[in-house]
Every structure is written in structure tokens, then in C-alpha cells.
A.B. asks: 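Right, I'll just put the structure down here and ask away after.
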Amino acid sequence: MQSAVILDFGSPRLAAEKHTLSQALKTIRAARGLSQEAFSDVSSRTYMSSLERDLKSPTLNKLGELCAVMEVHPLTLLTLAYGGASARKADQLLAQVRRELEAVLKERDAAQPRA
């Protein structure tokens with residue numbers, strides 16, 4: 001029997017938060033003192049502007065490239081996007097991710113045939 005994992009990213013509580021990926025991107029870029037032009041090796045300034053105005057969404061690969069320029073792990077950007085600037089919310093979110101990851105790996109291991 002599989003255990004249920006509750007995914008909280010679509011909950012009204014998180015949906016009501018105004019902090020978005022675009023805001024998180026702007027926050028980290030500004031905190032690192034980077035201009036949009038600093039991303040020229042991985043993106044155009046126009047694309048960066050579109051991301052920061054929430055007009056476009058990056059692919060996972062592009063997210064990784066952008067985070068490399070900002071010298072942060074992609075999960076840092078996503079944690080800021082979903083948890084906002086609250087350390088408490090970030091801790092709760094990361095604890096949820098840890099629980100869900102453990103559950104998925106446990107389910108995967110249980111589903112593998114025994115040798």
C-alpha cells in the first residue's frame with residue numbers, strides 16, 4: 001500500500017502569497033549586485049526582463065543556468081519563490097520537501113523487485 005503524500009504547493013495558503021519566481025529572481029539578482037547584462041552568457045537582457053516581469057517562465061535547464069550566474073542553487077531560488085523572505089516559511093517548506101523526498105524514495109525502493 002502506498003502512503004499518501006500531500007503536496008502543498010497548490011494550497012490556497014501558498015497561492016495567496018505574492019512572492020513569485022519573478023520576484024525571487026529579482027531579489028537574488030539585486031542582492032548579488034548583478035545587472036541583467038551580467039547574464040549575457042546565458043540569456044539576453046530582454047529575456048531576463050521578461051522573466052522578472054513574470055511574462056515568461058524558464059525551463060529547468062535555463063533556471064540552472066541563471067542560478068549558476070547568481071551563484072545559488074536552483075532550490076534556493078525556488079525556496080525564496082515559494083516561501084518568501086520568511087526564514088520560518090523557508091524552514092517549513094524545506095522540511096516538507098525532505099519528508100516528500102523520503103516518502104518518494106521509500107516508495108521507489110518498495111516497488112523494486114527483491115533480488
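Sequential numbering from 1 along the given sequence is applied to the chain's residues. Given the structure is predicted, the values throughout are model-derived calculations rather than measurements.
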A.B. asks: At what distance, to the nearest 0.5 angstrom, does CG of Leu34 lie from NZ of Lys26?
C.D. replies: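 Result: 15.5 Å between the selected atoms.
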
A.B. asks: Is it the case that one hydrophobic cluster holds both Leu63 and Leu75, taking links as side-chain heavy atoms less than 4.5 Å apart, direct or via other members?
C.D. replies: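 In one cluster with Leu63: Leu75, yes.
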
A.B. asks: Considering all heavy atoms of both residues, which atom of Ala81 and which atom of Ala24 are nearest to each other, and what is their separation?
C.D. replies: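 Of all heavy-atom pairs spanning Ala81 and Ala24, the closest is N-CB, 3.7 Å.
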
A.B. asks: Check the pair Asp41, Val69 against side chain to side chain contact (heavy atoms under 4.5 Å, CB included), reporting the backbone distance first and the verdict last.
C.D. replies: CA-CA 9 Å; Asp41 287 346; Val69 172; over 6 Å; no

A.B. asks: What are the two closest heavy atoms between Tyr82 and Leu93, and how far apart are they?
C.D. replies: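 Answer, listing the atom of Tyr82 first, then Leu93: CB-CD2, 3.5 Å.
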
A.B. asks: Begin with the C-alpha distance, continue with both residues' side-chain angles, and end with the deciding distance and a verdict on side chain to side chain contact (heavy atoms under 4.5 Å, CB included) for Lys89 and Thr79.
C.D. replies: CA-CA 9 Å; Lys89 286 182 184 177; Thr79 300; over 6 Å; no

A.B. asks: More than 12 heavy atoms of other residues, nucleotides or ligands under 6.0 Å from CG of Leu60: is that the case?
C.D. replies: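 12 or below, so no.
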
A.B. asks: Are side-chain heavy atoms of Thr76 and Met70 found at a separation under 4.5 Å?
C.D. replies: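 Thr76 vs Met70: side chains apart.
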
A.B. asks: How long is the straight-line distance from CD of Gln112 back to CD of Glu107, given to the nearest 0.5 Å?
C.D. replies: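 Here the interatomic distance stands at 12.5 Å.
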
A.B. asks: Please lay out, stage by stage, how Arg99 and Glu102 fare under the test salt bridge (Lys or Arg N to Asp or Glu O under 4.0 Å).
C.D. replies: CA-CA 5 Å; Arg99 286 189 308 272; Glu102 288 171 357; over 6 Å; no

A.B. asks: Is there a side chain to side chain contact (heavy atoms under 4.5 Å, CB included) between Phe39 and Glu65? Walk through the geometry before answering.
C.D. replies: CA-CA 9 Å; Phe39 295 83; Glu65 291 174 353; over 6 Å; no

A.B. asks: Using distance alone, with no hydrogens and no angle criterion, decide if Ser22 and Thr20 have a side-chain donor and acceptor under 3.5 Å apart.
C.D. replies: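 Yes, Thr20 and Ser22 have a side-chain donor paired with an acceptor closer than 3.5 Å.
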
A.B. asks: Out of curiosity, Ser86 OG to Asp91 CG, how far, rounded to the nearest 0.5 Å?
C.D. replies: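 The OG atom of Ser86 sits 8.0 Å away from the CG atom of Asp91.
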
A.B. asks: Do Gln23 and Glu52 pass the side chain to side chain contact (heavy atoms under 4.5 Å, CB included) test, and can you show the C-alpha distance, the side-chain angles, and the key distance before you say yes or no?
C.D. replies: CA-CA 7 Å; Gln23 289 173 318; Glu52 290 185 355; over 6 Å; no

A.B. asks: Any heavy-atom pair between the side chains of Leu21 and Pro58 that's under 4.5 Å?
C.D. replies: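 Side-chain contact under 4.5 Å: yes.
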
A.B. asks: Starting at CG of Leu101, measure out to NZ of Lys106 and round the result to the nearest 0.5 Å.
C.D. replies: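 Rounded to the nearest 0.5 Å, the CG-NZ separation comes out at 13.5 Å.
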
A.B. asks: For Gln92 and Gln96, which I'm curious about, is there any donor-acceptor pair between the side chains at under 3.5 Å?
C.D. replies: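 No, Gln96 and Gln92 have no side-chain donor paired with an acceptor closer than 3.5 Å.
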
A.B. asks: For Gly64 and Pro74, which heavy atoms make the closest approach, and how far apart are they?
C.D. replies: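 Here Gly64 and Pro74 meet closest at CA-CG, 4.1 Å.
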
A.B. asks: Determine whether a donor-acceptor pair (N or O, by modelled atom type, separation under 3.5 Å) exists between the side chain of Ser40 and the backbone of Glu37.
C.D. replies: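 Indeed, once roles are kept as given, a pair shorter than 3.5 Å links the two residues.
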
A.B. asks: Which residues pass the side-chain contact (heavy atoms from CB on, under 4.5 Å) test with Lys56, sequence neighbours left out?
C.D. replies: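 Result, side-chain contact (heavy atoms from CB on, under 4.5 Å) vs Lys56: Tyr47, Ser50, Leu51.
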
A.B. asks: Looking at CG of Leu78 and NE2 of His73, how far apart are the two atoms once the value is rounded to the nearest 0.5 Å?
C.D. replies: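 Reported value, rounded in 0.5 Å steps: 9.5 Å.
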
A.B. asks: Show the nearest heavy-atom pair for residues Gln36 and Arg45, with the distance to one decimal.
C.D. replies: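 Smallest interatomic distance, heavy atoms only, reads OE1-CG, 3.3 Å.
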
